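Take a look at the structure set out below.
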Amino acid sequence: IGGDVSVFGTDAFSVKSGASAKLRILGANFPADLKPADVVLGAGITVKNVARASGSQIDVEAEIAPNAIPGPRDIVVRRVVAPAAFTVYD
């Protein structure tokens, strides 16, 4: 893995539109200074808070808009992508 950030996925398989969610993002070499803007979960999902648990996982609190389009979502941490890592459902 080396020293670069890697994103493997999340502990949640799906989140409901119109709800709040806590997701644990799994990976490697996460920096200690992550901010909500560093984590992107797709259109209609706002990351409200990031709490770093370790270099291999981060916990995020997110709000999923009621009109978030259902389907698979990527997780992006500082431009590193885990494609189709979880799903939004209606």
Side-chain angles (χ1 to χ4, degrees):
I1 294 178
D4 295 333
V5 170
S6 296
V7 183
F8 305 142
T10 181
D11 66 339
F13 295 110
S14 60
V15 295
K16 182 168 177 39
S17 59
S20 297
K22 291 184 180 181
L23 300 172
R24 177 161 288 164
I25 299 171
L26 307 172
N29 303 315
F30 290 130
D33 63 345
L34 287 174
K35 296 179 178 25
D38 295 323
V39 180
V40 177
L41 302 176
I45 302 177
T46 303
V47 176
K48 296 291 194 176
N49 187 43
V50 174
R52 182 179 179 267
S54 73
S56 63
Q57 64 187 35
I58 53 177
D59 296 330
V60 300
E61 296 173 17
E63 295 288 331
I64 299 87
N67 61 347
I69 297 171
R73 298 301 176 97
D74 297 346
I75 296 173
V76 182
V77 178
R78 288 200 175 159
R79 297 184 304 253
V80 177
V81 181
F86 71 102
T87 301
V88 172
Y89 70 93
D90 202 1

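This is a predicted model, so every value here is computed, not measured.
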Original post:
Are the side chain of R73 and the backbone of A43 linked by a donor-acceptor contact shorter than 3.5 Å?
Top reply: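 Pair found, side chain donor or acceptor close to backbone of A43.
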Original post:
Does N29 use its side chain to pair, donor to acceptor, with the backbone of D4 at less than 3.5 Å?
Top reply: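 Side chain of N29 to backbone of D4, a donor-acceptor pair under 3.5 Å: yes, one is there.
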**OP:** Treating Ile, Leu, Val, Met, Phe, Trp and Tyr as nodes and any side-chain heavy-atom pair under 4.5 angstrom as an edge, say whether V5 and V39 lie in one connected cluster.
**Re:**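 Same cluster: V5 reaches V39 through Ile, Leu, Val, Met, Phe, Trp or Tyr contacts under 4.5 Å.
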Original post:
Are V47 and I75 joined in one hydrophobic group, where the rule is that I, L, V, M, F, W and Y side chains link up if heavy atoms are under 4.5 Å apart?
Top reply: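 Result: yes, single cluster for both.
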Taking atom [atom1] of [X] and atom [atom2] of [Y], what is their separation to the nearest 0.5 Å?
X	Y	atom1	atom2	result
E61	N49	CD	CG	4.5 Å
D59	S54	CG	OG	9.0 Å
T46	E63	OG1	CD	7.5 Å

Original post:
Looking at I45 and A62, what are the two nearest heavy atoms and their distance?
Top reply: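 So the two residues come closest at CG2-CB, 3.9 Å.
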Subject >> Least distance between heavy atoms, G44 atom then A68 atom >> reply: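 That would be O-CB, 4.0 Å.
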Original post:
Are there more than 12 heavy atoms of other residues, nucleotides or ligands under 6.0 Å from atom NZ of K16?
Top reply: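 Yes, because the 6.0 Å sphere around NZ of K16 holds more than 12 heavy atoms from other groups.
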Original post:
side chain to side chain contact (heavy atoms under 4.5 Å, CB included) with R78: which of D38, V7, V40?
Top reply: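 Testing R78 for a side chain to side chain contact (heavy atoms under 4.5 Å, CB included) against D38, V7, V40 leaves exactly one candidate, D38.
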Original post:
Less than 4.5 Å apart, any side-chain heavy atom of S20 and any of K48?
Top reply: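 No, every pair of side-chain atoms sits at 4.5 Å or beyond.
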Original post:
Side chains of L41 and L23: does their closest heavy-atom pair fall under 4.5 Å?
Top reply: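 Touching, per the 4.5 Å side-chain cut-off.
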Throw together a table of side-chain donor-acceptor distances under 3.5 angstrom for residues 83-90, partners on residues two or more places apart or in other chains.
{"unit_1": "D90", "atom_1": "OD1", "unit_2": "S17", "atom_2": "OG", "d": "3.3"}

